[in-house]
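Report on the following structure.
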Amino acid sequence: MGSITLNFGQFIAAFIAAMGIPSAVMGLIIWQLERKIAKRESNAEEQAKAQEDLFLLLIQSTAAAIALGEATAKAVQRIPDAHCNGDMHAALNYAAEIKHKQKDFLAAQGIHALHQDGK
C-alpha cells in the first residue's frame, strides 16, 4: 500500500476543504428549513388576516341586519292598520339591547388589544 505525504500547507488546505464541505451541506439544509418556516409563517399571517376580515364582515353584517330589522319594525309601527302588538316593541328593545352589548364588547376588545400591544 502506498503512502501519501503532505506538507503542512497541503495538510491545512485539505483540512479546511474537509471542514468546509459538511458546513456547506449543513448551511444548505438550514437555508431550506428557514425558507420553509418563513413560508409557513407567511401563510399563517395571511390566514389570520383573512380570518380577521371575515370576523369584521360578520360583525358588519350583523349590525346591518339589526339596522334593517329596526327600520322595518319602525316602518310597520307607523302603518295605522298594522295593529302592532307588544311583540314588536319587545323585539325592538331586544335588538337595541344586543346592539349595545355588541358595541360594548367590541370596545372592550379594542381596549384590551391596545393594552396587550403596549406590553
Side-chain angles (χ1 to χ4, degrees):
M1 200 153 49
S3 66
I4 299 175
T5 57
L6 297 172
N7 65 24
F8 186 71
Q10 291 172 330
F11 175 75
I12 295 296
F15 181 75
I16 291 173
M19 293 304 291
I21 292 172
S23 296
V25 170
M26 283 306 296
L28 257 162
I29 292 170
I30 290 173
W31 177 70
Q32 283 284 49
L33 287 173
E34 287 175 346
R35 281 188 46 206
K36 285 183 181 181
I37 290 169
K39 185 175 181 181
R40 283 185 184 167
E41 287 176 352
S42 174
N43 289 345
E45 288 172 4
E46 289 174 10
Q47 187 176 9
K49 174 68 173 122
Q51 195 171 26
E52 284 179 17
D53 292 344
L54 174 63
F55 287 147
L56 179 60
L57 287 172
L58 288 172
I59 290 167
Q60 289 172 339
S61 65
T62 301
I66 290 173
L68 180 62
E70 287 176 328
T72 303
K74 289 176 183 177
V76 169
Q77 285 179 337
R78 287 191 293 266
I79 300 172
D81 296 335
H83 303 294
C84 294
N85 57 17
D87 291 342
M88 182 73 72
H89 298 292
L92 275 171
N93 290 337
Y94 179 68
E97 176 187 343
I98 295 300
K99 184 170 63 173
H100 292 297
K101 282 183 180 180
Q102 184 183 44
K103 184 184 81 170
D104 293 343
F105 173 78
L106 292 173
Q109 291 299 311
I111 290 170
H112 180 72
L114 287 173
H115 178 68
Q116 292 297 323
D117 289 345
K119 281 187 176 180

Shortest non-hydrogen contact between Ala73 and Met88, atoms and distance: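 Here Ala73 and Met88 meet closest at CB-SD, 3.2 Å.
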
Minimum-distance pair of heavy atoms, taken over all atoms of Glu70 and Leu92: CA-CD2, 3.8 Å

For the pair Ser42 (side chain) and Ala38 (backbone), establish whether a donor and an acceptor sit closer than 3.5 Å, ignoring hydrogens and angles.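 No; judged by distance alone, with no hydrogens or angles, the pair does not exist.
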
Counting only N and O atoms by type, is there a donor-acceptor contact under 3.5 Å from the side chain of Gln102 to the main-chain atoms of Lys99?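 No, because the side chain of Gln102 does not come within donor-acceptor range (under 3.5 Å) of the backbone of Lys99.
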
Residue pair [X] / [Y], side-chain heavy-atom distance below 4.5 Å:
X      : Y      : result
Leu106 : Lys103 : no
Lys39  : Arg35  : no
Leu57  : Gln60  : yes

Just verifying a value: how many Å separate [X] [atom1] and [Y] [atom2], rounded to the nearest 0.5 Å?
X      : Y     : atom1 : atom2 : value
Glu45  : Arg40 : CD    : CZ    : 14.5 Å
Phe105 : Ile59 : CZ    : CD1   : 7.5 Å
Leu68  : Ser61 : CG    : OG    : 12.0 Å

If you count the non-hydrogen atoms of other residues, nucleotides and ligands that lie under 6.0 Å from CD in Gln47, is the total more than 12?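 Open: at most 12 neighbouring heavy atoms sit under 6.0 Å from CD of Gln47.
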
Are Met26 and Leu33 joined in one hydrophobic group, where the rule is that I, L, V, M, F, W and Y side chains link up if heavy atoms are under 4.5 Å apart? yes

